Q: 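Mind looking over this structure? Questions follow.
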Amino acid sequence: MARDRGHAFDNAAARREVLKVIAAIPPGCVASYGQVAFEAGFPGRARWVGRLLSEGLAQHKGWHRVLRNDGMLGLPKVSPAHVEQRSMLVAEGHVFRNDRVDIAARRWRPRSDAPLVD
DNA sequence: GACATGACATAAC
DNA sequence: CGTTATGCCATGT
């Protein structure tokens, strides 16, 4: 074995965990990149989560519920994906105030009870 | 290994 | 709210 440091995160299992967490975010709630990374078991890998979403698997269920910890969306406002994400969030009942959602009130609080079934 | 880049986070101004 | 600066981690050159 050795290298428990897990040197590489390109491993499919890690990506699957992240996608599982993202898919578990209930409609009407949101989670930050860092939160998703944390819940997936990779604290501190917020940037890595963002990278994953940029790699194309962003089409997975729930991708639009992931945004920055300050309530702003990750992509630039002019980005088509930004507009798309924003409209989907609005459709779920979120209110944008100066390009931010009230993440403090809408943040997803996972129950230790709900074991993230895949 | 050095450097640069990025859908991040936090603090300071 | 905005920008800058630091720290962070994975990738790619």
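Because the structure is predicted, anything quoted here is derived from the model rather than measured. Each chain gets a letter, A, B and so on, in the order the sequences are listed, and its residues count up from 1. When reading the values below, keep in mind they use all heavy atoms of this one structure, side chains included, and skip hydrogens, waters and symmetry mates.
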Q: Quick check: do A:Cys29 and A:Arg106 have side-chain heavy atoms less than 4.5 Å from each other?
A: no

Q: Who pairs with A:Ala31 by side chain to side chain contact (heavy atoms under 4.5 Å, CB included), at least two apart in sequence or on another chain?
A: A:Ile25, A:Gln35, A:Val36, A:Trp108

Q: If you check the A:Arg100 side chain, which of B:dC8, C:dC1, B:dA7 turns out closest?
A: C:dC1

Q: Checking side-chain polar atoms at under 3.5 Å, does A:Asn69 have a donor or acceptor matched by the opposite partner on A:Arg107?
A: yes

Q: Please identify each residue that fulfils side chain to side chain contact (heavy atoms under 4.5 Å, CB included) with A:Ala81, with sequence neighbours left out.
A: A:Leu75, A:Ser79

Q: With A:Arg47, which residues qualify under side-chain hydrogen bond (donor to acceptor under 3.5 Å, both in side chains), at least two apart?
A: none

Q: Let me know the distance between CD1 of A:Ile103 and C1' of B:dA9, rounded to the nearest Å.
A: 12 Å

Q: Which stems, defined as runs of 3 or more consecutive Watson-Crick or G-U wobble pairs with both pairing distances under 3.5 Å, involve DNA chain B?
A: B:2-6 with C:9-13, B:8-13 with C:2-7

Q: Specify the residues of residues 73-84 of chain A, ordered by number, for which at least one heavy atom lies under 4.0 angstrom from an atom of DNA chain B.
A: A:Gly74, A:Leu75

Q: Is A:Val18 reachable from A:Phe38 through a run of hydrophobic residues whose side-chain heavy atoms are each under 4.5 Å from the next?
A: no

Q: Without decimals, in angstroms, what is the distance between A:Tyr33 OH and B:dC8 P?
A: 5 Å

Q: Strictly distance-based, threshold 3.5 Å: is any side-chain N or O of A:Gln85 a donor or acceptor partner for the main-chain N or O of A:Val66?
A: yes

Q: How is the hydrophobic cluster of A:Val30 composed, in terms of its other members, when Ile, Leu, Val, Met, Phe, Trp and Tyr link through side-chain heavy atoms under 4.5 Å apart, directly or indirectly?
A: A:Leu67, A:Leu73, A:Leu89, A:Val90, A:Phe96, A:Val101, A:Ile103

Q: Rounded to the nearest angstrom, tell me the gap between atom CH2 in A:Trp48 and atom C1' in C:dC9.
A: 11 Å

Q: Please tell me which of the listed nucleotides, B:dA9, B:dT5, B:dA7, lies nearest to the side chain of A:Asn69?
A: B:dA9

Q: All N/O contacts under 3.5 Å from nucleotides 11-13 of chain B to the protein, with atom names and distances to one decimal?
A:
none

Q: Rounded at 0.5 Å granularity, tell me how far CH2 in A:Trp63 sits from CG in A:Leu52.
A: 14.5 Å

Q: When you compare B:dA7 with C:dT13, how far apart are their C1' atoms, in angstrom units rounded to a whole number?
A: 22 Å

Q: Any chance you could pull the hydrophobic cluster mates of A:Met72, using side-chain heavy atoms under 4.5 angstrom and chaining through other members?
A: none

Q: Roughly how far apart are A:Asn11 CG and A:Arg16 CZ, rounded to 0.5 Å?
A: 9.5 Å

Q: Using whole Å, report how far CD of A:Gln85 lies from C1' of B:dA7.
A: 8 Å

Q: OP1 or OP2 of B:dA9 less than 4.0 angstrom from a side-chain nitrogen or oxygen of A:Ser32, does that happen here?
A: yes

Q: Would you mind reading off the distance between A:Asp70 atom CG and B:dT10 atom P, rounded to a whole angstrom?
A: 9 Å

Q: Mind checking what makes side chain to side chain contact (heavy atoms under 4.5 Å, CB included) contact with A:Pro27, not counting sequence neighbours?
A: A:Arg65, A:Glu92

Q: Using a heavy-atom distance cut-off of less than 4.0 Å, which residues of residues 90-99 of chain A contact DNA chain C?
A: A:Asn98

Q: Taking side-chain hydrogen bond (donor to acceptor under 3.5 Å, both in side chains) as the test, write out the residues that go with A:Arg86, two or more places apart.
A: A:Asp99

Q: For A:Arg45 and B:dC8, is the shortest distance between a side-chain N/O and OP1 or OP2 below 4.0 Å?
A: no

Q: Ignoring hydrogens and geometry beyond distance, is the side chain of A:Arg47 in donor-acceptor contact with the base of C:dC9 at under 3.5 Å?
A: no

Q: Specify the separation, in whole Å, of atom CZ of A:Arg51 and atom P of C:dC8.
A: 18 Å

Q: Applying side chain to side chain contact (heavy atoms under 4.5 Å, CB included), name anything that partners A:Pro80, two or more places apart in sequence or on another chain.
A: none

Q: Taking CG from A:Leu52 and P from B:dG6, how many angstroms apart are they, rounded to a whole number?
A: 17 Å

Q: Return the value, rounded to whole Å, for the distance between atom CD1 of A:Ile22 and atom P of B:dC8.
A: 13 Å

